[in-house]
Amino acid sequence: MGIIGSLLYLTVSRPDIVFSVGLCAKFQLNSKESHLKAAKRILRYFKGTQNLVLYYPSGDNFNLIGYADADYAGYLVDRKITSGMAHFLGSCFISWGTRKENSVALSTAEAEYIAVTS
């Protein structure tokens, strides 16, 4: 198991590195030195942020709140939309998700609409 496999294992408990690790995993088959540097940078980030944790206080309210966002043509290779969402139960973070959409948006508003509807 290589560096990317180890980083993918870490994404289970560290949602802050999921996007970066996903980009590195795309180029795992045909990787270059720049991809190795990116993976090492993620490892350095992980080492420097080990003390960050998710905290769930007791006695909180139970309002379910969801957020969605989209990155309009942020990945310049194929210019497809990357959408993401997060859910909170009160002030507690309970779930998240991200995915690369199959379409290319022509505006920021269209990217946001695609993210919310998918």
Side-chain angles (χ1 to χ4, degrees):
M1 189 181 208
I3 294 174
I4 300 298
S6 299
L7 288 171
L8 285 169
Y9 178 76
L10 290 174
T11 60
V12 173
S13 61
R14 294 293 300 262
D16 53 334
I17 64 170
V18 170
F19 183 76
S20 300
V21 172
L23 280 179
C24 288
K26 283 183 184 179
F27 299 102
Q28 190 172 8
L29 186 61
N30 190 15
S31 61
K32 297 183 174 142
E33 186 177 344
S34 61
H35 300 116
L36 178 61
K37 287 181 182 179
K40 287 181 178 180
R41 184 174 179 160
I42 296 168
L43 288 171
R44 284 192 304 273
Y45 169 79
F46 183 74
K47 182 180 179 184
T49 59
Q50 288 180 358
N51 59 343
L52 296 178
V53 296
L54 295 174
Y55 176 66
Y56 298 100
S58 62
D60 217 1
N61 65 22
F62 288 102
N63 295 330
L64 181 61
I65 302 168
Y67 297 97
D69 196 13
D71 184 17
Y72 167 63
Y75 185 55
L76 298 178
V77 173
D78 60 6
R79 302 188 61 83
K80 290 186 179 177
I81 304 163
T82 302
S83 63
M85 60 87 187
H87 292 105
F88 292 82
L89 188 59
S91 63
C92 302
F93 180 69
I94 58 171
S95 73
W96 61 273
T98 184
R99 75 180 211 179
K100 188 174 179 181
E101 302 292 343
N102 291 325
S103 58
V104 177
L106 300 177
S107 69
T108 304
E110 184 180 3
E112 297 287 338
Y113 178 76
I114 291 170
V116 170
T117 57
S118 65

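Counting from 1, the numbers follow the sequence of the chain as shown. Just so it is clear, the model here is predicted, and its values are computed rather than measured.
The closest side-chain heavy-atom distance from Lys40 to Arg44 is below 4.5 Å. Taking the side chain as every heavy atom from C-beta outward, Ile81 and Asp71 never approach each other to under 4.5 Å.
Between the CG atom in Leu29 and the CD1 atom in Ile4 there is a gap of 12.5 Å [rounded to 0.5 Å]. How far SG of Cys24 is from CG of Leu36: 9.5 Å, rounded to the nearest 0.5 Å. Between atom CZ of residue Phe19 and atom CD1 of residue Ile42 there is a gap of 10.5 Å, rounded to the nearest 0.5 Å.
The nearest pair of heavy atoms linking Ala39 to Ile3 is CB-CG2, 3.8 Å. A pairwise comparison of heavy atoms in Ile17 and Leu7 identifies CD1-O, 4.2 Å as the closest pair.
For residues 18-32, the set of pairs meeting the side-chain hydrogen bond (donor to acceptor under 3.5 Å, both in side chains) definition, not counting sequence neighbours, is empty.
Between Tyr67 and Phe88, the two ring planes are perpendicular [angle over 60°; tilted spans 30° to 60°].
Residues Met85 and Ile65 are members of separate hydrophobic clusters, defined by side-chain heavy-atom contacts under 4.5 angstrom among Ile, Leu, Val, Met, Phe, Trp and Tyr. Cluster membership check: Leu8 shares its hydrophobic cluster with Phe46, using side-chain heavy-atom separations under 4.5 Å among Ile, Leu, Val, Met, Phe, Trp and Tyr.
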